[in-house]
Amino acid sequence: MAIIASIFVGIVAIEHVYILVLEMFLWTSPRGMKAFGMTKEQAVATKSLAANQGLYNGFLAAGLIWGLVHPDPLIGRSIQLFFLCCVIVAALYGGATAKRSILLVQGLPAVIALLFVLL
């Protein structure tokens with residue numbers, strides 16, 4: 001079960017690294033604008049805000065990775081639980097205030113990972 005939990009935690013971490021890249025480096029690119037449903041003008045006007053969001057997503061990914069590689073499995077599990085809960089709270093807030101699909105795209109994988117870590 002621990003291997004499955006680690007795989008799901010890793011998936012959530014990789015997803016947040018991808019979001020970091022989208023928000024920090026690709027925000028004004030066609031790929032970034034398509035991902036977030038924005039016009040070029042909107043993307044340019046919000047570029048610094050997006051970079052800040054991307055940095056926070058990077059912190060979430062870093063925390064999850066830290067939990068995966070921590071030498072003490074019990075401490076690593078606690079770190080994973082904390083950061084998965086942070087991702088879930090962020091997904092709930094984002095789904096309520098920005099875009100409902102955030103609940104599915106970010107929230108669901110984190111909930112699945114959380115359940116496997118708890119088992």
Side-chain angles (χ1 to χ4, degrees):
M1 195 62 69
I3 293 171
I4 295 171
S6 293
I7 290 169
F8 277 98
V9 171
I11 289 168
V12 175
I14 290 167
E15 177 182 29
H16 281 79
V17 169
Y18 179 67
I19 294 168
L20 172 146
V21 171
L22 278 174
E23 292 176 340
M24 293 190 81
F25 306 110
L26 301 176
W27 189 255
T28 56
S29 73
R31 180 180 219 152
M33 290 185 296
K34 182 180 179 188
F36 296 100
M38 293 182 304
T39 65
K40 183 71 169 175
E41 295 77 24
Q42 290 170 320
V44 169
T46 59
K47 187 175 181 177
S48 64
L49 295 172
N52 188 49
Q53 288 175 186
L55 185 62
Y56 285 99
N57 278 292
F59 290 143
L60 293 172
L64 291 168
I65 294 166
W66 176 35
L68 286 171
V69 301
H70 198 283
D72 183 327
L74 290 176
I75 294 173
R77 181 177 183 268
S78 295
I79 293 167
Q80 291 172 36
L81 290 171
F82 173 78
F83 280 96
L84 287 169
C85 288
C86 289
V87 170
I88 292 166
V89 169
L92 289 169
Y93 186 79
T97 61
K99 195 175 178 184
R100 288 218 185 265
S101 64
I102 293 171
L103 291 170
L104 182 63
V105 174
Q106 288 179 261
L108 184 60
V111 168
I112 293 169
L114 180 67
L115 292 174
F116 277 111
V117 171
L118 288 171
L119 292 177

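Atom set for the values below is all heavy atoms of this structure, side chains included, hydrogens, waters and symmetry mates excluded.
The line from OG of Ser29 to NZ of Lys34 is 11.5 Å long, rounded to the nearest 0.5 Å. In this structure, CG in Leu108 is found 14.0 Å from CD1 in Ile102, a value given to the nearest 0.5 Å. The CD1 atom of Ile4 sits 12.5 Å away from atom CD1 of Ile112, with the distance rounded to the nearest 0.5 Å.
One hydrophobic cluster, built from ILVMFWY side chains closer than 4.5 Å, holds both Leu118 and Val9. Phe8 is connected to Met1 through a chain of hydrophobic side-chain contacts under 4.5 Å among Ile, Leu, Val, Met, Phe, Trp and Tyr, so both are in one cluster. Two different hydrophobic clusters hold Ile19 and Tyr93 under the rule that ILVMFWY side chains link at heavy-atom gaps under 4.5 Å. Under the 4.5 Å side-chain heavy-atom criterion for Ile, Leu, Val, Met, Phe, Trp and Tyr, Phe36 and Val21 are members of the same hydrophobic cluster. Residues Val12 and Leu115 share a single hydrophobic cluster, defined by chaining ILVMFWY side chains whose heavy atoms lie under 4.5 Å apart.
Using a distance-only test at 3.5 Å, with no hydrogens or angles considered, no donor-acceptor pair links the side chain of Lys99 to the main chain of Gly94. With hydrogens and angles disregarded, a donor-acceptor distance shorter than 3.5 Å links the side chain of Thr39 to the backbone of Gln42. Side-chain atoms of Arg31 do not come within 3.5 Å of backbone N or O of Leu22 as any donor-acceptor pair.
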Contacts table for residues 56-70: side-chain donor-acceptor under 3.5 angstrom, sequence neighbours left out:
{"from": "Asn57", "atom 1": "ND2", "to": "Glu23", "atom 2": "OE1", "distance (Å)": "3.0"}
{"from": "Asn57", "atom 1": "ND2", "to": "Gln53", "atom 2": "O", "distance (Å)": "3.1"}
{"from": "His70", "atom 1": "ND1", "to": "Asp72", "atom 2": "N", "distance (Å)": "3.0"}
{"from": "His70", "atom 1": "ND1", "to": "Asp72", "atom 2": "O", "distance (Å)": "3.4"}

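Contact record, Thr46 with Met38: OG1-SD, 4.1 Å, taken as the closest heavy-atom pair. The shortest non-hydrogen separation linking Lys47 to Trp27 is CA-CD1, 3.7 Å.
At least one side-chain heavy atom of His16 sits under 4.5 Å from a side-chain heavy atom of Gln106. Counting heavy atoms from C-beta outward, Leu114 and Leu81 have side chains that approach closer than 4.5 Å. Contact of the Glu15 side chain with the Val87 side chain is not registered, since no non-hydrogen atoms from C-beta on lie closer than 4.5 Å. With contacts defined as side-chain heavy-atom distances shorter than 4.5 Å, the pair Phe25/Leu20 qualifies.
Counting non-hydrogen atoms of neighbouring residues, nucleotides and ligands closer than 6.0 angstrom, the CG atom of Leu119 exceeds 12 such neighbours.
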